[in-house]
K.L.:
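Have a look at this one before I ask anything.
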Amino acid sequence: MMDHAMIGKIKKAKMYAEERSRFKFQSFSVEMDGKNNPHHVSFDAGTWQCDCDYFIGRGECSHTMALEMILKDMLDFVEA
Ligand SMILES: [Zn+2]
């Protein structure tokens, strides 16, 4: 049963969901189903980590780049 307050909240949530740049992910970890095996990608305070070979020494890979595309405008990078 939905009351008026809840209807208002849902309306606001839909509005917020359209305004992605309001959201800044601080940290998270993701299991990514890669072509050969799953990869574990994490993001913390503007820094990526991935357990794939390509990431080592480069600091980015197709997994982190894909997440940047998905989370466009929602990642809180530390300004260099
Ligand atoms: Zn990777």
Side-chain angles (χ1 to χ4, degrees):
M1 176 104 176
M2 275 203 274
D3 57 23
H4 271 80
M6 181 56 92
I7 290 166
K9 294 295 176 197
I10 292 168
K11 220 171 156 183
K12 207 167 186 181
K14 283 180 177 165
M15 190 196 80
Y16 282 151
E18 297 287 315
E19 297 172 18
R20 297 162 64 97
S21 62
R22 284 180 181 271
F23 298 88
K24 300 293 179 203
F25 283 84
Q26 308 286 308
S27 64
F28 55 84
S29 65
V30 181
E31 187 185 271
M32 198 266 174
D33 192 7
K35 264 191 163 173
N36 306 311
N37 42 51
H39 288 294
H40 293 92
V41 187
S42 64
F43 181 85
D44 187 35
T47 305
W48 289 108
Q49 286 296 326
C50 183
D51 63 2
C52 75
D53 292 337
Y54 191 89
F55 184 87
I56 302 162
R58 291 184 180 88
E60 63 178 3
C61 59
S62 57
H63 314 115
T64 64
M65 286 188 268
L67 280 164
E68 279 183 27
M69 290 171 193
I70 294 166
L71 300 172
K72 199 176 180 302
D73 304 328
M74 296 197 292
L75 294 173
D76 201 7
F77 287 109
V78 177
E79 297 293 327

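Counting starts at 1 for both ligands and their atoms, in listed order.
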K.L.:
Pairs under 3.5 angstrom only: tabulate donor-acceptor contacts from the side chains of residues 20-28 to other protein residues two or more places apart or in another chain.
P.N.:
residue	atom	partner	partner atom	Å
R20	NH2	I70	O	2.5
R22	NE	E19	OE1	2.4
R22	NH2	E19	OE1	2.9
K24	NZ	D73	O	2.9
Q26	NE2	K24	O	3.4
Q26	NE2	D76	OD2	3.3

K.L.:
Hey, does E31 have a side-chain heavy atom less than 4.5 Å from the side chain of H39?
P.N.:
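The answer is no, as the side chains (C-beta and beyond) never meet within the 4.5 Å cut-off.
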K.L.:
Run through the protein N/O/S atoms less than 2.8 Å from the Zn ion (ligand 1) and write them out by chain and number.
P.N.:
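Checking every protein N, O and S atom gives C50 SG, C52 SG, C61 SG, H63 ND1.
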K.L.:
Cationic tip of R58 within the cone over Y54's six-membered ring, i.e. under 6.0 Å and within 45° of the normal?
P.N.:
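Yes, R58 lies over the aromatic ring of Y54.
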K.L.:
Does the side chain of F43 reach to within under 4.5 Å of the side chain of Q49, using non-hydrogen atoms?
P.N.:
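F43 vs Q49: side chains apart.
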K.L.:
For M69, is the CE atom crowded, meaning more than 12 foreign heavy atoms sit under 6.0 Å from it?
P.N.:
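Check fails, neighbour count at 12 or below.
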K.L.:
So, taking the atom named CG in L71 and the one named OG1 in T64, what distance separates them when rounded to the nearest 0.5 Å?
P.N.:
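Rounded to the nearest 0.5 Å, the CG-OG1 separation comes to 11.5 Å.
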